[in-house]
A.B. asks: 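Below you'll find the structure I mean.
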Amino acid sequence: MNTASTQPASEDYTTIIGLEVHVQLQTKTKLFCGCSTTFGAPPNTQVCPVCLGLPGSLPVMNRRAFDLAIRAALALDCTIAPFTKWDRKNYYYPDLPKGYQISQYDLPFSSDGALEVSDPKGAFASRKVRIIRVHLEEDAGKSMHDEAAGKADSRIDLNRAGTPLCEIVTQPDLRSPQEARAWLNELKLLLVYLGVSDCNMQEGSLRVDANINLHIPVGERIAKTPIVEIKNMNSFRSVERALTYEAARQWEEWRATGAELGTSPKQTRGWDDPAGVTRAQRHKEESSDYRYFPEPDLVPVTVSEAEVAAARAAMGEPPTVLRRKLAETWSISAYDADVLVNQGRDLVSYFEDLAARIGEGKLASNWMQQDVLRTLNERGGSIKDFPIRPDALADLVGRVRNGDFDTSRGREIFAEMLASNKTVAEVVGSMGIAAVGDDEMLSLCRELIAANPKIVADVKGGKEQAAAGLIGQAKKKNPNVNPGKVRALCLDLIRQMG
Ligand code: ZN
Ligand code: MN
């Protein structure tokens with residue numbers, strides 16, 4: 001094995017990545033009290049004796065949170081435990097007023113799932129990433145260190161304390177930073193589709209920690225670098241960058257020191273986004289440091305098979321199913337189905353409506369991607385507020401297909417419909433667009449043929465593509481003509497000339 005080069009090559013080692021994701025469940029109230037979970041309220045206005053951990057207060061489980069968690073776990077192909085309980089995870093930190101977090105330790109409500117990630121562009125092979133467990137727990141509060149204001153004080157906002165979280169832990173099945181990012185995108189898409197979480201990273205609704213090390217073949221054995229847990233990544237892009245940096249750093253460290261897993265402890269490193277580096281943080285606690293014990297104030301939860309079946313029935317279609325369904329129902333490619341599904345359920349509904357009205361999936365998909373999506377990307381906003389509704393767009397696409405006008409004219413009409421909120425008929429009227437009648441078309445083509453003996457001779461000589469020269473001239477004489485019709489008619493006329 002070549003370890004002499006300074007640039008790590010992919011064949012020098014295998015990158016082993018596992019993820020731990022916390023997602024906030026989309027509930028109105030917290031996990032064990034009735035306080036609101038709305039983001040952005042003034043600090044410490046959404047608190048009560050329960051989430052502040054005042055003596056004598058008792059938690060009561062939020063059923064809605066538990067149901068959403070089950071939905072998430074089922075979507076991740078997990079097994080739901082018939083019996084699950086709560087545990088206290090004890091540690092001291094200013095943002096944790098009770099001195100412990102209510103979490104789940106040895107009996108999580110679900111385990112043994114998987115979520116597949118694939119790349120329709122083929123940058124990596126599809127891979128099934130196993131999920132070790134999904135459990136429920138409450139969030140802590142938020143510390144704010146006011147260095148920016150030039151003060152040395154720190155403040156605490158406990159609005160978030162007690163917010164319901166699902167913790168999702170994967171096996172170390174990911175093999176590159178790109179895969180990790182793609183997998184996170186798929187996870188987010190799934191959870192948003194199912195209404196489990198809004199997965200808004202800016203508001204802290206989705207947080208990711210990543211474990212990474214390298215497996216390096218050395219002769220007959222595999223050397224494994226110490227596992228590093230990376231924290232503080234605030235976007236999926238940061239996750240990819242941090243993992244890329246960390247893989248290269250571990251490679252360099254291994255070549256310099258030969259440090260291996262087992263001989264040095266697991267390390268925690270924080271991602272410094274502006275600097276683009278990971279930096280060593282405090283020593284990571286082992287689970288024994290948390291002194292877990294069963295939560296005495298909450299009863300265990302039992303889940304029947306009937307409840308699991310009901311949750312499954314109410315789940316809705318996850319993206320993987322929807323992609324397959326769109327591709328099959330509308331005869332579009334896996335790539336096209338992927339593009340549409342990745343935009344969210346509302347866009348899929350718009351597409352299905354459009355495709356049903358025009359009866360042609362590929363054509364609908366083309367207009368969705370080239371016109372609707374492009375417009376949304378340029379102007380922002382959501383498909384729900386898109387000014388051209390599926391019925392109006394179907395009208396336009398149908399007329400283009402009929403040959404009333406060509407695609408570029410159709411695009412002009414589309415732009416005018418967007419700008420003016422008019423119907424196709426109104427735009428056609430106001431722009432002076434009229435379908436060209438058969439007689440008009442015939443005389444135009446005769447005129448073109450008479451004026452272009454060279455082209456006619458070329459076509460007669462077998463060069464049909466020479467007819468393209470007639471189309472440009474036809475458009476100049478009458479911008480409403482359909483190029484396809486001009487071409488077909490001119491070729492016919494030339495053939496009739498013998
Ligand atoms: Zn509360
Ligand atoms: Mn956790």
Side-chain angles (χ1 to χ4, degrees), residues 18-25 27-39 41-66 69 72-73 76 78 84-93 95-111 131-142 156-170 187 191 196-197 199 201 204-211 229-233 266 268 281 284-292 295 297-298:
L19 299 174
E20 187 182 303
V21 184
H22 286 85
V23 289
Q24 179 178 333
L25 298 172
T27 56
K28 291 195 171 66
T29 57
K30 294 184 181 180
L31 187 50
F32 300 113
C33 63
C35 293
S36 168
T37 54
T38 306
F39 179 82
N44 301 306
T45 56
Q46 296 175 343
V47 291
C48 74
V50 174
C51 52
L52 291 177
L54 299 187
S57 63
L58 285 173
V60 176
M61 186 188 80
N62 179 341
R63 183 70 220 191
R64 169 80 183 152
F66 195 83
L76 293 169
C78 288
T84 182
K85 70 172 174 67
W86 303 97
D87 299 282
R88 289 188 181 181
K89 181 179 180 179
N90 298 278
Y91 63 97
Y92 176 77
Y93 204 73
D95 65 15
L96 191 71
K98 295 201 292 279
Y100 60 86
Q101 176 191 30
I102 303 178
S103 181
Q104 299 198 279
Y105 182 49
D106 54 340
L107 292 173
F109 80 93
S110 75
S111 58
I131 289 162
I132 299 172
R133 59 187 275 161
V134 179
H135 75 245
L136 257 169
E137 62 187 28
E138 58 177 347
D139 205 352
K142 192 180 177 201
I156 296 290
D157 177 6
L158 294 173
N159 281 352
R160 213 164 70 187
T163 295
L165 301 177
C166 249
E167 182 179 315
I168 300 161
V169 184
T170 77
L187 176 71
L191 297 178
V196 168
S197 173
C199 293
M201 279 188 104
S205 306
L206 189 153
R207 307 197 286 271
V208 186
D209 299 329
N211 285 292
E229 178 173 8
I230 312 176
K231 291 183 173 291
N232 299 342
M233 298 170 290
K266 182 171 174 174
T268 302
Q281 291 186 334
K284 169 90 180 157
E285 289 90 349
E286 299 298 326
S287 67
S288 59
D289 297 335
Y290 289 119
R291 302 169 350 266
Y292 279 99
E295 166 63 61
D297 290 340
L298 284 164

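Each residue takes its place number in the sequence, starting with 1. Note that ligands are numbered from 1 as they come in the structure, with each ligand's atoms numbered from 1 the same way. Keep in mind it's a predicted model, so treat the numbers as computed, not measured.
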A.B. asks: Look only at the side chain of S57 and the backbone of P49, and say whether a donor-acceptor pair between them is shorter than 3.5 Å.
C.D. replies: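 A pair under 3.5 Å: yes.
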
A.B. asks: Do the ring planes of W86 and F66 sit parallel (below 30°), tilted (30 to 60°) or perpendicular (above 60°)?
C.D. replies: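 It falls in the perpendicular class, over 60°.
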
A.B. asks: Within the distance-only criterion (no hydrogens, no angle test), does the side chain of Q281 pair as donor or acceptor with the backbone N or O of T268 below 3.5 angstrom?
C.D. replies: no

A.B. asks: Whether D209 and R207 form a salt bridge (side-chain N of Lys/Arg under 4.0 Å from carboxylate O of Asp/Glu) is what I want to check.
C.D. replies: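 Result for this pair is no, no salt bridge flagged.
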
A.B. asks: Can you tell which of T45, L96, L52 makes a side-chain contact (heavy atoms from CB on, under 4.5 Å) with L158?
C.D. replies: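 Only one of T45, L96, L52 forms a side-chain contact (heavy atoms from CB on, under 4.5 Å) with L158, namely L52.
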
A.B. asks: What I want to find out is whether D106 reaches K85 closely enough, with some N-O distance under 4.0 Å, to be called a salt bridge.
C.D. replies: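 Yes.
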
A.B. asks: Would you say the side-chain atoms of D139 pair up with the backbone N or O of L165, donor to acceptor, closer than 3.5 Å?
C.D. replies: no

A.B. asks: Taking L58's backbone N and O only, do any of them form a donor-acceptor pair with D297's side chain (distance below 3.5 Å, no angle check)?
C.D. replies: no

A.B. asks: Enumerate the protein N/O/S atoms at a distance below 2.8 Å from the Zn ion (ligand 1), ignoring waters.
C.D. replies: C33 SG, C35 SG, C48 SG, C51 SG

A.B. asks: Checking the side chain of N159 only, and the main-chain atoms of Q46 only, is there a donor and an acceptor separated by less than 3.5 Å?
C.D. replies: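 Such a contact is found between N159 side chain and Q46 backbone.
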
A.B. asks: Under 2.8 Å from the Mn ion (ligand 2), which protein N/O/S atoms are there?
C.D. replies: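 Only H22 NE2, E137 OE2, E167 OE1 fall inside 2.8 Å of the Mn ion (ligand 2).
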
